[in-house]
Amino acid sequence: MPELPEVEIVKRSLLRIANKAKIKDIKVLNTNLRYKISRKFCNQLINEKIIKISRRSKYIIFHFKEKFLLLHLGMTGKLLILRQKDNEIFKSSFYYDLNILTKHNHIYFFLNNGFVLIYNDVRRFGYFKYYFKKKLSEISFLKKLGPEPLGKKFNHKYFKNFIKGKKNIKSLLMDQTFVSGLGNIYVNEVLFVAKVNPLKLCCDLNDKNINQLIKNIKLVLKKSIINGGSTIKDFKNPSGKSGNFQQFFRVYGKKNRKCSRISCKGKINKILIKNRATFYCPECQT
DNA sequence: AAGAGGCCCTGATAGC
DNA sequence: TGCTATCAGGGCCTCT
């Protein structure tokens with residue numbers, strides 16, 4: 001499931017092949033993503049040049065002249081890159097059976113540089129959203145997101161000002177208005193490394209806890225990006241390559257296994273917090 | 001009004 | 001073997 005590191009990897013791959021390219025044509029095989037893909041959606045993109053590709057939180061942002069396209073990969077969204085083999089002419093009907101290939105390919109973007117970008121999404125939780133704005137900063141939806149976890153704004157002072165007692169720390173880290181880009185897997189891992197119990201209430205966090213959390217959020221994310229993201233189920237970057245970070249998981253998916261801290265005799269526990277699988281060691285995460 | 005939980009979806013796996 | 005039940009989870013939505 002794509003969290004910040006996975007989305008960052010996808011963005012970097014896209015930069016190499018799609019940046020500055022023009023969208024020649026779009027074929028939609030399945031309009032039923034989280035939000036319906038309309039014919040208008042396609043018309044607004046055809047013949048537009050991709051000026052820039054960036055990432056904010058878990059969103060990939062395609063910059064066009066005075067408009068922006070946001071892509072969220074949901075749970076199983078993938079972008080695949082194909083090189084168009086010959087000069088086959090694609091009819092411009094809205095629905096078009098390309099007779100390909102894999103299941104769950106929903107949208108084909110044909111670029112003028114010979115590449116085809118394929119949006120594939122098994123569970124169809126992903127979505128595209130379109131904004132007519134001159135500047136990215138005018139998109140109010142993005143303003144609601146909390147700071148990037150790897151950015152300077154995400155620091156001790158910010159952390160402390162934000163928390164007001166209320167909820168448990170795990171729910172806070174999952175809250176995208178607090179910090180944007182963390183998902184369930186990385187939150188589990190971060191809490192373990194920082195030795196903080198996921199059920200601990202925010203009002204009970206001390207300065208040391210907060211420092212450990214901030215430090216390890218940045219560390220875990222950076223390490224994952226270096227390792228090409230995590231491959232859970234079937235995350236792949238657009239070239240079809242898997243990531244390697246999952247081999248470094250210390251608690252996620254490790255129910256009943258011995259705690260990986262050598263000095264600790266605890267056993268990994270699994271509970272549900274807000275209906276999300278939560279793995280932690282009751283001995284060393286206090 | 002903040003926080004908890006349901007829902008969307010499909011494939012893998014467990015259990016009978 | 002073949003069926004059903006359960007689980008996975010991001011973010012939006014509803015309910016309390």
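Just so we're on the same page: letters track the sequence lines, and every chain starts at 1.
Here the two rings, on A:F141 and A:Y59, have centers that are under 6.0 Å apart. Not less than 6.0 angstrom separates the ring centroid of A:F109 from the ring centroid of A:F115. Remark: aromatic rings of A:Y119 and A:F128 are close, center separation under 6.0 Å.
Side chain of A:Y252, nearest nucleotide from C:dG11, B:dT10, C:dG9: C:dG9. For A:V122, whose side chain is taken as the heavy atoms from C-beta onward, the closest listed nucleotide among C:dC12, B:dA4, B:dT10 is B:dT10.
Residue A:L272 contributes atom CG, which lies 13 Å from atom P of C:dG10 at whole-angstrom precision.
Between A:E138 and A:K135, none of the side-chain N atoms (NZ, or NE/NH1/NH2) sits under 4.0 Å from a carboxylate O, so this pair counts as no salt bridge.
Backbone-only engagement by A:K270 is indicated by non-hydrogen atom pairs under 4.0 Å involving sugar-phosphate atoms exclusively.
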Original post:
A:Y252 and A:Y280: ring pair (Phe, Tyr, Trp, His ring centres under 6.0 Å), yes or no, with the steps?
Top reply: CA-CA 8 Å; A:Y252 185 82; A:Y280 70 106; over 10 Å; no
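Residue A:F125 and nucleotide C:dG10 are classified as a stacked aromatic pair, their ring centres being separated by less than 5.5 Å at an interplanar angle below 30°.
Annotation: side chain to side chain contact (heavy atoms under 4.5 Å, CB included) contacts of A:R257 (sequence neighbours excluded): A:K254.
The stretch residues 275-282 of chain A touches DNA chain C through A:R276, A:A277, each having a heavy atom under 4.0 angstrom from the strand.
Close to C:dG9, at under 4.0 Å from its OP1 or OP2, lies no side-chain N or O of A:K274.
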